[in-house]
2 protein chains.
Amino acid sequence: MIPNRPFRPTAATAREKLLEAAVRLVRAQGFAATSVDQLCGEAGVTKGAFFHHFPSKEALGVAAAEFWSASTGAFFADAPFHGFPDPVDRVLGYIDLRIALIGGRAEAFSCVAGTMVQEAFRSSAAIRMACEASIMGNAAALEEDLAAAIDRCGVSGTTAASLSRHVQAVIQGAFILAKTQPEDSAADLAREQLGHLRRYFAMLFHRIGEEIAS
Amino acid sequence: MIPNRPFRPTAATAREKLLEAAVRLVRAQGFAATSVDQLCGEAGVTKGAFFHHFPSKEALGVAAAEFWSASTGAFFADAPFHGFPDPVDRVLGYIDLRIALIGGRAEAFSCVAGTMVQEAFRSSAAIRMACEASIMGNAAALEEDLAAAIDRCGVSGTTAASLSRHVQAVIQGAFILAKTQPEDSAADLAREQLGHLRRYFAMLFHRIGEEIAS
DNA sequence: CCAGGCATACCAACCGGTTGGTATGCCGCA
DNA sequence: TGCGGCATACCAACCGGTTGGTATGCCTGG
């Protein structure tokens, strides 16, 4: 019983096209520098459609952060490192995956939430909170493994929550450093920085000797 | 022989006022969201003065990054940690100073170059390079001490240059995380993250046991 | 089964205000 | 008297957002 709309080629409602366009454009130019007209052009949609789905540009920003959060959250939830028996391996596996995901231009691997919150943290509480939810949600996904690793290795002086935030901090910082570079060296610099994060955790969890950091 | 301008209470040519206004406004709202009119209003100067001193808004951005770089560079060059005999103490002293400088709202302690490069890295090569010079200049100021610390402690698997970049990466990342928070917890989160950087370096340079990280 | 009433999704044209930028004039100092 | 250092006045392009309108799908009562 195929419903009444026989031709819906690749799904793609105007709303989704706008959110995907927002992710691309915000990553490359930031939120404030991206105009509604540009968003509509990139999405292949008219301005009327934009304001049909979003009451304001700010609301699009909030929705883009949530969309970003949902996409990345689903991706990392499915990743194979969750199957590792040792929690330390799961934590290092997450970092290794993040390193493997870095490549190409900065706008291809950088973070929408981190970019938006930097511009909008004071001017829009709604965007700030959506970005907080995205970044802290990513952090929380690693907290359980970190708690187990801390427990197993007897680490003191910090907490799983604090360490999970540090993962996100280093990732965000690595993206900023990458953006200072010309295209062809951006990814290398970002990977180098995540290498230090890996080394910090390897030392904390007594896995020194298997370093990658350069 | 006092130069020709006897009363320069807080200095204040239109150019300097504009640069100081740019630092304040870019920190709080970002570069794209800050208009030329707003800049002029904040500086108490007219638009004619703006375009007399800067050929374009982009040029003001470049000049603001250089101005920022010069101010912060001079500040850290004068800091007392340079007098510590042990290079490890000098490195940790720099981090402790950065921690001590964090307080209040995020726009009071965050970085102009890091904010600007995130928005402008693709749309303006001139701004990107000015921000690169600012951030990498800050990094380079610590490189010599890091090299000495690496040498003294026999650290392998990384370089002073890479570690000096990591300092900046963690600082930038800490600022982004801080911006996700409501005003009253922003500074705490940023300090927490620099605490992890301190702990990483303490472990690398065999100073474990004196942790601060929370 | 289908008529009709309403909701959803979308569009093209348009609005007032703001944007970065310019053209020109004034004015104190060397 | 000239010139650097501003201020005033102005502009075309663009901004986020609104308008009136159409095409289509879904639900309900007869």
Quick one: what's the B/S/- string for nucleotides 15-21 of chain D, heavy-atom cutoff under 4.0 Å, read 5' to 3'?
-> SBBB---
Gln29(A) side chain to Ser123(B) side chain, donor-acceptor N/O pair below 3.5 angstrom = no
dG5(D) P sits how many Å from Glu16(B) CD, rounded?
-> 13 Å
Does the side chain of His52(B) get closer than 4.0 angstrom to OP1 or OP2 of dC6(D) through an N or O atom?
-> no
Which of parallel (below 30°), tilted (30 to 60°) and perpendicular (above 60°) describes Phe81(A) and Tyr94(A)?
-> perpendicular
Checking dC11(C), dC10(C), dA7(D) against the side chain of Val45(A) (C-beta onward), the nearest is dC11(C)
Nearest whole angstrom, please: distance from the P of dA9(C) to the NE2 of His53(A).
-> 6 Å
Any luck finding a side-chain donor-acceptor pair between Ser124(B) and Lys57(B) under 3.5 Å?
-> no
Could you go step by step and tell me if Arg128(B) and Glu132(B) meet the salt bridge (charged side-chain N to carboxylate O under 4.0 Å, His left out) rule?
-> CA-CA 6 Å; Arg128(B) 198 217 83 216; Glu132(B) 176 187 10; 3.3 Å; yes
Could you list the residues that satisfy side chain to side chain contact (heavy atoms under 4.5 Å, CB included) with Asp37(A), not counting sequence neighbours?
-> Ser35(A), Lys47(A)
Throw together a table of side-chain donor-acceptor distances under 3.5 angstrom for residues 101-110 of chain A, partners on residues two or more places apart or in other chains.
{"from": "Arg105(A)", "atom 1": "NE", "to": "Glu183(A)", "atom 2": "OE1", "distance (Å)": "3.4"}
{"from": "Arg105(A)", "atom 1": "NE", "to": "Glu183(A)", "atom 2": "OE2", "distance (Å)": "3.4"}
{"from": "Arg105(A)", "atom 1": "NH1", "to": "Glu107(A)", "atom 2": "OE2", "distance (Å)": "3.2"}
{"from": "Arg105(A)", "atom 1": "NH2", "to": "Glu183(A)", "atom 2": "OE2", "distance (Å)": "3.1"}
{"from": "Glu107(A)", "atom 1": "OE1", "to": "Arg122(B)", "atom 2": "NH2", "distance (Å)": "3.3"}
{"from": "Glu107(A)", "atom 1": "OE2", "to": "Arg122(B)", "atom 2": "NE", "distance (Å)": "3.2"}
{"from": "Ser110(A)", "atom 1": "OG", "to": "Ala106(A)", "atom 2": "O", "distance (Å)": "3.2"}

